[in-house]
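Start at 1 with the first residue, then count along the sequence. Because only heavy atoms are used, hydrogens play no part in the values below, and waters and symmetry mates are left out as well, while side chains stay in. Since we're looking at a predicted model, the values are computed, not measured.
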Amino acid sequence: MVGSSRGRLTELDALRGIGALCVLIFHYSTRFHELFPQASHVPFSFPGGNYRVLLFFTISGFAIFFTLDRIRTVADFVVNRFARLYPAYLVAMLLTLSIEYLAHATQLLIGPVAIFANFTMLQGFAFMPEVDGAYWTLTVEIAFYFCMIAMWKFVGIRRLEPMLILWLAARWLYWLWPDMPERIVMLLVLRYTPFFVIGMLAYRVWSGQRTLRQQIPYAALALLSIATMETWDVTVVGCVLVASFVALIHGHLRFLSLRPLVWLGGISYSFYLIHQHVGFVVMLEFAKAGYSPWIGFAAAFLVALTLGTAINRLVERPAGEAIISWWKRRRETRLVPIDIAPSQG
């Protein structure tokens with residue numbers, strides 16, 4: 001059985017590290033040139049970086065069960081996700097804003113109302129701009145969390161696969177009804193459902209709850225959903241993701257577990273939050289000073305790596321652990337039985 005000896009999948013961290021590198025290269029080459037065509041830039045484009053979010057969503061579909069398997073209540077889930085996401089997000093957002101204002105990067109700045117909305121992490125649902133363009137994926141992740149905790153609460157994970165069929169059917173309904181209200185599309189993550197599904201199916205095999213043969217029909221439906229609604233290249237990416245996660249759960253990606261990739265995967269969330277606009281500011285400043293765009297690219301990478309590491313070590317980990325510890329103590333205190341004095345007379 002694949003899941004007979006479950007342990008930490010360092011290959012999953014390595015995949016996160018690869019995704020983090022892809023997103024950085026895409027933003028510092030293709031995206032930077034799109035936003036600042038007048039600035040000198042590295043002489044190459046990396047359009048394949050657009051696919052990196054699909055890898056991240058597939059990883060999220062796999063990894064969500066590491067949380068769902070440990071919780072007892074919806075409140076446990078909410079606190080766990082808040083502890084995981086918000087402290088690093090808040091610090092990265094404030095740091096990004098500070099650097100943008102100090103550098104007078106007016107093209108990257110947003111208005112005060114939008115900034116206030118960004119403090120909630122829910123700005124996407126209000127159709128407000130993000131402090132950093134990379135934050136749009138957080139709206140997708142939060143919507144995915146909503147769907148998963150609802151499924152966990154009202155249906156149960158044991159009946160997961162039939163629910164995934166309904167989820168994919170809702171995506172096909174969106175295909176047939178393109179004027180479906182946008183907030184419903186966002187809340188049900190209908191643009192990215194099959195990629196989350198691929199990760200979820202893989203986890204169920206890895207954990208020993210299902211066999212690969214049992215999951216094949218559902219994976220085929222996920223790929224069919226991609227093929228019918230997306231372009232051919234995204235369909236190819238979907239096939240690659242299925243093959244990659246089959247290889248992952250059978251231990252065939254251990255060659256990826258290189259220490260630099262695993263380490264980068266460990267800091268990938270903080271790194272992702274801080275890399276884009278801060279990196280743009282660094283590259284713009286180096287371009288203004290007349291330096292080679294390659295030097296600006298390297299400097300932006302080093303700044304993002306340094307700040308991402310600092311946020312991970314000083315904020316993301318300790319703050320997250322502190323919040324979870326506080327919640328466990330609070331929960332245990334509430335579960336302590338109260339001694340009731342025997343009635344007299």
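The aromatic rings of Trp136 and Tyr192 are tilted relative to each other, their planes meeting at an angle between 30° and 60°. Using the six-membered ring where Trp is involved, Phe82 and Tyr86 have ring planes that are parallel, under 30° apart on the 30 and 60° scheme. Ring planes of Tyr28 and His275: tilted class, angle from 30 to 60°. Note on ring orientation: taking the six-membered ring where Trp is involved, the planes of Phe36 and Phe280 are perpendicular (angle over 60°, cut-offs 30° and 60°).
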Original post:
After noting the C-alpha distance and the side-chain angles of Phe297 and Phe32, does the key distance pass the side chain to side chain contact (heavy atoms under 4.5 Å, CB included) rule?
Top reply: CA-CA 10 Å; Phe297 185 101; Phe32 179 76; over 6 Å; no
**OP:** Just do the side chain to side chain contact (heavy atoms under 4.5 Å, CB included) check on Trp175 and Met180 with the steps written out, would you?
**Re:** CA-CA 9 Å; Trp175 182 42; Met180 181 182 289; over 6 Å; no
**OP:** Determine, stepwise, if the pair Leu160 / Leu164 fulfils side chain to side chain contact (heavy atoms under 4.5 Å, CB included).
**Re:** CA-CA 6 Å; Leu160 176 68; Leu164 296 184; 4.0 Å; yes
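Between Tyr203 and Phe65, the gap from one ring centroid to the other is short of 6.0 Å. Close placement of the Trp206 and Phe62 rings is indicated, their centers lying within 6.0 Å of each other. Aromatic ring centres of Phe57 and Phe195 lie farther apart than the 6.0 Å criterion allows. Aromatic pair Tyr135/Tyr89: ring centres closer than 6.0 Å.
Looking at Glu161 and Gln215, their side chains do bring a donor and an acceptor atom within 3.5 Å of each other. Side-chain contact of Trp172 with Thr228: a donor-acceptor pair under 3.5 Å is present, judged by distance alone. Side chains of Thr137 and Tyr272: a donor-acceptor N/O pair is present below 3.5 angstrom, by distance only.
A salt bridge links Asp76 with Arg331: at least one charged nitrogen is closer than 4.0 Å to a carboxylate oxygen. Taking the charged nitrogens against the carboxylate oxygens, Arg171 and Glu230 do have a contact shorter than 4.0 Å, which makes a salt bridge. With respect to Glu332 and Arg329, no salt bridge is recorded, no charged nitrogen being found less than 4.0 Å from a carboxylate O. One finds a salt bridge joining Arg84 and Glu316 here, because a Lys/Arg side-chain nitrogen approaches an Asp/Glu carboxylate oxygen to under 4.0 Å.
When atom types are taken as modelled, the side chain of His33 and the backbone of Ser29 share no donor-acceptor pair closer than 3.5 angstrom.
Leu55 and Val236 sit in two unconnected hydrophobic clusters of ILVMFWY residues. Membership requires side-chain heavy atoms under 4.5 Å apart, directly or through other members. In the hydrophobic clustering of ILVMFWY residues, with side-chain heavy atoms under 4.5 Å counting as a link, Phe144 and Phe66 come out together. When the side chains of ILVMFWY residues are joined at heavy-atom separations under 4.5 Å, either directly or via intervening members, Val91 and Leu94 end up in a single hydrophobic cluster. Placement of Ile18 and Ile198 within a single hydrophobic cluster is found when ILVMFWY residues are connected by side-chain heavy-atom separations under 4.5 Å, directly or transitively. Ile110 and Phe116 end up in different hydrophobic clusters when Ile, Leu, Val, Met, Phe, Trp and Tyr side chains are linked at under 4.5 Å.
Interatomic distance, Trp326 CH2 to Ile324 CD1, rounded to the nearest 0.5 Å: 10.0 Å.
Taking the ring centre of Phe125 as origin, the terminal cationic atom of Arg183 falls outside the region bounded by 6.0 Å and 45° from the ring axis.
Val303 pairs with exactly one of Ile274, Ile99, Val278 by the side-chain contact (heavy atoms from CB on, under 4.5 Å) rule, that one being Val278.
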